[in-house]
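To start, the structure itself, in structure tokens.
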Amino acid sequence: MEALDYLAEERRKAEFDVEEMKIAWAGSRQAYEISDRVSRLVASDPVFRKDNRTMLSRKDLFKDTLKKAAHAWKRIIELRLSEEEASKLRFFVDQPVFTDLHWGMFIPAIKGSGTEEQKAKWLPLAYKMQIIGCYAQTELGHGSNVQGLETTATFDPHTDEFVIHSPTLTSSKWWPGGLGKVSTHAVVYARLIKDGQDHGVHGFIVQLRSLDDHLPLPGITVGDIGMKFGSGAYNSMDNGVLRFDHVRIPRDQMLMGVSQVTREGKFMQSDVPRQLVYGTMVYVRQKIVADASCALSRAVCIATRYSAVRRQFGSHNGGPETQVIDYKTQQNRLFPLLASAYAFRFVGEWLKWLYTDVTQRLQANDFSTLPEVHACTAGLKSITTSATADAIEECRKLCGGHGYLSSSGLPELFAVYIPACTYEGDNVVLLLQVGRFLMKTVSQLGSGKKPVGTIAYMGRAEHLLQCRCEVQRAEDWLKPQVIVEAFEARAARMAVACSKNINKFPKQEDGFAELSADLAEAAVAHCQLIVVSKFIERLQQDIPGKGVKRQLEILCSVYALSLLHKHLGDFVASGCITPEQGALANEQLRLLYSQVRPNAIALVDAFNYTDHYLGSILGRYDGNVYPKLYEEAWKDPLNETVVPDGYHDYIRPILKQHIRVARL
């Protein structure tokens with residue numbers, strides 16, 4: 001039986017409406033139709049081919065990237081694509097490029113921190129791509145510690161200008177995508193110096209290159225920082241280094257939406273509340289969580305399809321061997337990752353709502369939810385990107401030796417994704433920020449201040465510190481209220497225990513430093529509760545389609561119980577559940593895997609990824625893996641000649657014992 005028949009047979013096992021699940025995954029029928037149409041548009045365009053990407057030299061890869069970016073922009077204009085359609089087209093091209101930072105960071109920074117006049121001047125140019133921008137914050141010496149940035153912007157009242165300068169080697173801007181070779185402008189973050197006084201870090205719009213010949217402007221040294229991890233992958237992006245030598249810019253190129261310097265040289269806060277900048281931060285982190293679900297689902301799709309194609313051992317009387325996906329060890333590793341992809345998708349959808357909500361609140365000068373929103377988005381960025389990076393590597397291992405082939409798509413996916421664990425906030429640093437927020441929340445429990453949003457459960461801390469799990473049978477773990485209370489109790493107890501231990505130190509900061517690992521673990525517990533809760537809330541909404549809701553309920557239980565099993569020590573040590581109840585959870589988890597199994601292929605089909613986007617022979621929709629692997633091997637440049645270059649110089653002398661031995 002050919003592999004093609006394996007997947008056709010697998011698809012016939014589905015117990016739900018796959019088309020309706022595609023809509024549930026996309027978020028709406030309109031979103032599904034746009035995604036489906038644009039993904040097929042990209043897949044059918046030969047300019048966007050990427051099967052040879054990992055074999056290109058750095059220069060050829062970069063030129064190929066520029067070609068694709070230009071062609072994408074041309075198609076966007078020709079087809080008059082909407083903003084959503086254009087964003088989807090760039091997504092499905094699937095190659096890190098300078099436009100990612102232009103649209104994803106440069107424009108949002110101006111929208112979030114600029115005045116109305118500045119937006120009117122700069123945004124039309126950026127939207128038409130008459131200027132190309134990047135986001136120059138990170139420096140060689142400082143990343144997470146933004147307040148430690150060294151680049152200076154000194155106000156000169158005589159000329160009404162700021163002088164941008166890099167006073168040290170470590171003040172060199174380092175890492176901004178698009179900066180190395182392409183960007184004409186940057187939002188540069190620098191310390192505002194006026195009359196010798198430091199007014200902290202602010203954003204400035206700085207032109208870097210001539211719009212005529214693309215040469216760097218006087219006083220600017222700019223270039224690429226060099227090769228990065230992996231073949232292809234993020235090496236298509238020109239991450240840059242940038243130094244300023246007393247570069248002058250007009251005063252009105254300081255982003256003055258929040259604070260400003262007047263013509264008279266007076267530093268002042270604007271009428272717009274400083275908290276408005278949080279809107280941009282929420283937008284960026286929401287996008288990162290959404291990207292995590294995309295990368296994870298892509299890896300899971302490859303591993304699931306290949307696990308159904310691959311057969312090893314278990315042959316009886318000359319019959320077919322056992323499909324790898326039928327081994328319980330494979331299911332135990334794979335199915336929680338499949339469930340995580342859906343969980344991250346739905347929490348990402350909820351974050352879109354949160355962004356809209358926080359934007360409306362900020363415009364109404366309501367800042368009451370900001371601390372909670374900051375902690376929530378920081379924590380979700382951290383746990384989803386860390387889990388996704390680990391999961392992609394696990395999916396590679398789930399594919400056995402063939403997963404290590406570049407043509408599996410998994411090595412490049414891993415290499416291109418893992419920077420997400422450090423950009424826009426190092427994941428451990430973000431967890432510590434969440435931990436501090438939790439400690440502050442615990443300290444205010446007796447003050448009458450009611451916790452809101454995702455931290456509202458802490459308002460019931462007294463109950464959660466005393467409650468006992470009532471699970472008596474394995475199926476009791478399928479009750480949403482049982483799951484939620486167990487996760488709430490674990491999060492609350494870990495946070496309270498951490499707070500008590502910190503309070504034992506004479507100085508609170510010493511306690512934070514000494515117990516930072518405990519803080520991070522408490523933060524993880526809190527954030528995992530959010531993801532579980534939002535998955536359950538999604539199930540309470542209207543979900544059309546035969547069997548769709550049932551499959552999502554199964555995946556939700558798999559996600560929650562696999563986390564409980566993984567962190568069983570936390571749940572038992574904090575007294576939330578007993579070891580016996582933990583064993584019952586694991587028993588139920590095994591039963592759930594049996595329910596996922598017949599639907600596994602259909603569940604990854606619901607991601608609706610084209611073979612072009614997946615970029616994986618192992619994850620092909622038709623399952624025709626082995627002939628295509630064999631065919632792909634012969635395309636390698638090493639196979640262009642039968643006898644390798646260097647044979648006569650190096651191999652033949654060894655074989656013929658004609659090596660000249662030098663004497664000392």
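Note that these values count all heavy atoms, side chains included, but never hydrogens, waters or copies made by symmetry. This structure is a prediction, so every number in the text was calculated from the model and none was measured.
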Can you say whether the rings of Phe229 and Phe414 are parallel (under 30°), tilted (30 to 60°) or perpendicular (over 60°)? perpendicular
Does Tyr559 reach the side chain of Phe344, with side-chain heavy atoms less than 4.5 Å apart? yes
Would you say the rings of Tyr283 and Tyr355 are close, in the sense that their centroids are separated by under 6.0 Å? yes
Shortest non-hydrogen separation from Phe535 to Ala339 and the atoms involved: CE1-O, 4.0 Å
Is atom CD of Gln466 surrounded by more than 12 heavy atoms (other residues, nucleotides or ligands) closer than 6.0 Å? yes
Trp175/Tyr423 aromatic ring centres below 6.0 Å: no
Which heavy atom of Leu584 sits nearest a heavy atom of Ala474, and at what distance? O-CB, 3.7 Å
Check whether any side-chain N or O of Lys381 sits under 3.5 Å from a backbone N or O of Ala420 as a donor-acceptor pair, and report yes or no. yes
Please determine whether the number of non-hydrogen atoms from other residues, nucleotides or ligands lying under 6.0 Å from atom CD of Glu462 exceeds 12. no
With no hydrogens and no angle check, is any side-chain donor or acceptor of Asp366 less than 3.5 Å from a backbone partner on Leu362? no
Please check: side-chain N/O of Ser171 versus main-chain N/O of Thr168, any donor-acceptor pairing under 3.5 Å? yes
Donor-acceptor pair between His202 and Ser259 side chains, under 3.5 angstrom: yes
Please answer whether the main-chain N or O of Gln595 pairs with a side-chain N or O of Asn599 as donor and acceptor at a distance below 3.5 Å. yes
Are the side chains of Leu438 and Ile455 in touch, meaning some heavy atoms are under 4.5 Å apart? yes
Using atom types as modelled and distance alone, determine if a side-chain donor or acceptor of Gln118 lies under 3.5 Å from a backbone N or O of Thr115. yes
Side chain to side chain, Gln197 and Phe267, heavy atoms closer than 4.5 Å: no
Check whether Ser499 reaches the backbone of Ala495 with its side chain - one donor and one acceptor, N or O, closer than 3.5 Å. no
Are more than 12 heavy atoms, taken from residues, nucleotides or ligands other than Lys287, located less than 6.0 Å from that residue's NZ atom? no
Would you say that more than 12 heavy atoms from the other residues, nucleotides or ligands in this model lie under 6.0 Å from the NZ of Lys111, or not? no
Keeping the roles fixed (side chain from Trp477, backbone from Val482), state whether a donor-acceptor pair exists under 3.5 Å. no
Verify the distance criterion only: is there a donor paired with an acceptor across the side chains of Gln528 and Arg490 at less than 3.5 Å? yes
Are the charged groups of Glu349 and Arg538 less than 4.0 angstrom apart, N to O? no
Do other residues, nucleotides or ligands put more than 12 heavy atoms under 6.0 Å from the CD atom of Gln541? yes
If every non-hydrogen atom of Ala600 is compared with every non-hydrogen atom of Phe335, which pair is closest and at what distance? CB-CE2, 4.0 Å
Tell me whether Gln444 at atom CD has more than 12 heavy atoms from other residues, nucleotides or ligands lying less than 6.0 Å away. yes
Tell me if the centroids of the rings in Tyr189 and Tyr135 come within less than 6.0 Å of each other. yes
Could you tell me whether the side chains of Gln588 and Ser557 share a donor-acceptor contact shorter than 3.5 Å? no
Identify the two heavy atoms, one from Ser382 and one from Leu430, that lie closest to each other, and give their separation to 0.1 Å. CB-CB, 4.2 Å
More than 12 heavy atoms of other groups within 6.0 Å of Glu537 CD: yes
Glu20 and Arg550: CA distance, side-chain angles, deciding distance, salt bridge (Lys or Arg N to Asp or Glu O under 4.0 Å) verdict: CA-CA 13 Å; Glu20 287 294 339; Arg550 176 64 188 141; over 6 Å; no
With side-chain contact (heavy atoms from CB on, under 4.5 Å) as the test, pick out the partner of Cys376 among Val434, Val282, Thr369, Ile530. Ile530
Please check if the side chain of Glu553 supplies one atom and the backbone of Leu539 the other of a donor-acceptor pair under 3.5 Å. no
Looking at Glu509 and Arg436, is there a salt bridge between them, counting it only when a charged N and a carboxylate O are closer than 4.0 Å? yes
Check the side chains of Lys504 and Asn501 for a donor-acceptor pair under 3.5 angstrom, ignoring hydrogens and angles. yes
Less than 3.5 Å apart, any donor N or O on the side chain of Tyr457 or His526 sitting next to an acceptor on the other? yes
Shortest non-hydrogen pair, Ser386 vs Asn427, comes out as OG-ND2, 2.8 Å
Are Arg285 and Glu424 ion-paired here, with the side-chain N under 4.0 Å from a carboxylate O? no
If only atom types and distance count, is the side chain of Glu394 paired as donor or acceptor with the main-chain N or O of Leu334 below 3.5 Å? no
Quick one: do the Thr151 and Glu139 side chains pair a donor with an acceptor below 3.5 Å? yes
Give a yes/no verdict on a cation-pi contact between Lys88 and Phe91, requiring under 6.0 Å between NZ or CZ and the six-membered ring centre and an angle within 45° of the axis. yes
Val604 vs Ser297 side-chain heavy atoms within contact, under 4.5 Å: no
Where is the tightest heavy-atom contact between Val289 and Gly348, given as atom of each residue plus distance? CG1-CA, 4.0 Å
Ring centers of Tyr342, Phe607 separated by less than 6.0 Å: yes
Less than 3.5 Å apart, any donor N or O on the side chain of His142 or Gln137 sitting next to an acceptor on the other? no
Ring-plane angle category for Phe571 and Phe487, please: parallel below 30°, perpendicular beyond 60°, tilted otherwise. perpendicular
Tell me if a side-chain donor or acceptor on Arg361 pairs with a main-chain N or O of Ser368 at a distance below 3.5 Å. no
